[in-house]
Amino acid sequence: MRRYGKNPDEDDVRVRPDRRGSRPRSRNRPKHEDAAEGLVLTVDRGRITCLVRERTITAMKARELGRKGIVVGDRVAVVGDVSGDPGTLARIVRVEERRSVLRRTADDDDPYERVVVANADQLAIVTALADPPPRPRLVDRCLVAAYDGGLDPLLVLTKSDLAPADELLESYAPLGVRAVACNRDELATGEGAARVLDLLTDRVTAFVGHSGVGKTTLVNALVPERQRATGEVNVVTGRGRHTTTSALALPLPDDKGWVIDTPGVRSFGLAHVDPSRVIHAFPDLEPGTADCPRNCSHDEPDCALDAWVAGGHADPARLASLRRLLATRERREGD
């Protein structure tokens, strides 16, 4: 049955409204060629603080980015109001390709990896020599994450006035990791901060360490004009209290580089790490893996690295250090 006549008038035709809106969907998305370049300084509950054209602005993630995460250190493209005036809100429409990534999981059985920092050049692993005591297994895990993520490791030992640094430094000497030690008095006078600063110049450095080791105190000494809250170590548990709750990128004085202060960690899961990538941080050992059996763990009887080292191509201490790091996935930090 015809609902309308043979030649219905246009006004007679009933058009059902489109619940999705009248604007047709298109796969063509704007390229935002006029977007401003920005650096993510911190992320807090959906609000992202960025440095854009020497101004600090607040932005939010554009819907077209979907579930793509944004972390401190990301280089982003920003549109909208980038004046930085109070109450303004810009929009991040693109995240540029990352050149390095520091990742961790909650534990070794957790398949969900968390990106901690992007585009850092080096990872400063901060550990106290006492109060709380050093946790070498956690240091080893941070080293593995640095090698896996393409960051150069730097070992920073604090509270050297409470315990000597020689034994810990000796255990990491075969790895060739740069290291520096300082005490609380040196940080107060600026002498210790100056020694650390020499190793940070012209680089983006992420600081990581468990609570109470003096990480944020060190960052405050390096960037005096931006003081972050610090806490004390619990005398009963020997653990520090979390005072830094979100990662924050801070410029070093005189534009000498950037430091990224991260919240204290009590575990550093490595479920995301492929052990075969760790060997890339050992260029003196990597050629010796050419004759290894397929999927070699580099810690088994048929591993070709034993013959490589026995032939005088590398220091045996380097192979022992490699295997110690690879074994961290089977050991908990407190073991």
Side-chain angles (χ1 to χ4, degrees), residues 100-117 120 122-129 132-157 165 167-179 206-213 215 238-240 262-286 288-289 292 295-301 303 305-306 309 314-335:
S100 69
V101 176
L102 175 65
R103 300 171 294 171
R104 63 181 284 259
T105 56
D107 54 52
D108 290 345
D109 299 322
D110 184 3
Y112 179 71
E113 66 181 52
R114 298 159 178 81
V115 178
V116 182
V117 170
Q122 66 180 350
L123 179 65
I125 305 166
V126 185
T127 185
L129 292 164
R135 294 168 60 186
R137 297 289 78 76
L138 180 60
V139 175
D140 288 349
R141 285 169 170 265
C142 292
L143 285 171
V144 171
Y147 293 141
D148 180 70
L151 287 76
D152 296 328
L154 169 67
L155 188 58
V156 181
L157 307 179
E167 183 178 351
L168 194 61
L169 289 174
E170 184 179 352
S171 66
Y172 289 100
L175 290 171
V177 177
R178 295 193 302 170
F207 280 68
V208 67
H210 62 91
S211 302
V213 298
K215 175 173 53 63
R239 291 181 173 181
T262 65
V265 296
R266 288 179 179 161
S267 65
F268 208 106
L270 298 174
H272 63 285
V273 173
D274 180 355
S276 65
R277 294 200 296 261
V278 179
I279 189 66
H280 299 324
F282 294 78
D284 52 336
L285 295 175
E286 190 170 9
T289 64
C292 281
N295 299 323
C296 180
S297 67
H298 305 311
D299 192 13
E300 53 191 64
C303 179
L305 287 176
D306 292 294
V309 170
D315 187 343
R318 291 277 289 170
L319 178 57
S321 295
L322 168 66
R323 287 175 172 168
R324 186 185 76 196
L325 294 181
L326 292 174
T328 58
R329 294 191 63 188
E330 284 72 47
R331 296 198 303 260
R332 299 294 178 183
E333 288 91 327
D335 293 347

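Under the side-chain contact (heavy atoms from CB on, under 4.5 Å) rule, L157 has a single partner from L168, I125, V213, V126, which is L168. When P301, C303, C296, S297 are each tested for a side-chain contact (heavy atoms from CB on, under 4.5 Å) with D299, only one passes: S297.
Residues V177 and P153 approach most closely at CG1-O, 3.8 Å, considering heavy atoms. Annotation for V101 and L151: closest pair O-CD1, 4.0 Å, computed over non-hydrogen atoms. The minimum heavy-atom distance between L285 and L305, with the atom names listed, is O-CD2, 3.3 Å. Contact detail for F268 and A145: the closest heavy-atom pair is CE2-CB, 3.4 Å. Of all non-hydrogen atoms in V265 and H210, the two that sit nearest each other are O-CB, 2.7 Å. Nearest heavy atoms, E286 versus T289: O-OG1, 2.7 Å.
Between the side chain of R323 and the backbone N or O of H298, at least one donor-acceptor pair lies under 3.5 Å. In this structure, R141 contributes its side chain and T328 its backbone to a donor-acceptor pair below 3.5 Å. With R318 contributing its side chain and P174 its backbone, the two residues share a donor-acceptor pair below 3.5 Å. Put simply, the side chain of T262 gets close to the backbone of F207: a donor and an acceptor are under 3.5 Å apart.
Looking at S321 and Y172, their side chains never come closer than 4.5 Å, going by heavy atoms from C-beta outward. Here the side chains of L175 and F282 are in contact, with some heavy-atom distance below 4.5 Å.
Residue L169 holds its CG atom at 6.5 Å from CG of L155, rounded to the nearest 0.5 Å. D306 CG to C292 SG: the interatomic distance, rounded to the nearest 0.5 Å, is 8.5 Å.
Of the charged side-chain nitrogens involved, at least one lies within less than 4.0 Å of a carboxylate oxygen, so that D148 and R103 count as a salt-bridged pair.
In this structure, E167 places its CD atom where only 12 or fewer heavy-atom neighbours from other residues, nucleotides or ligands lie under 6.0 Å away.
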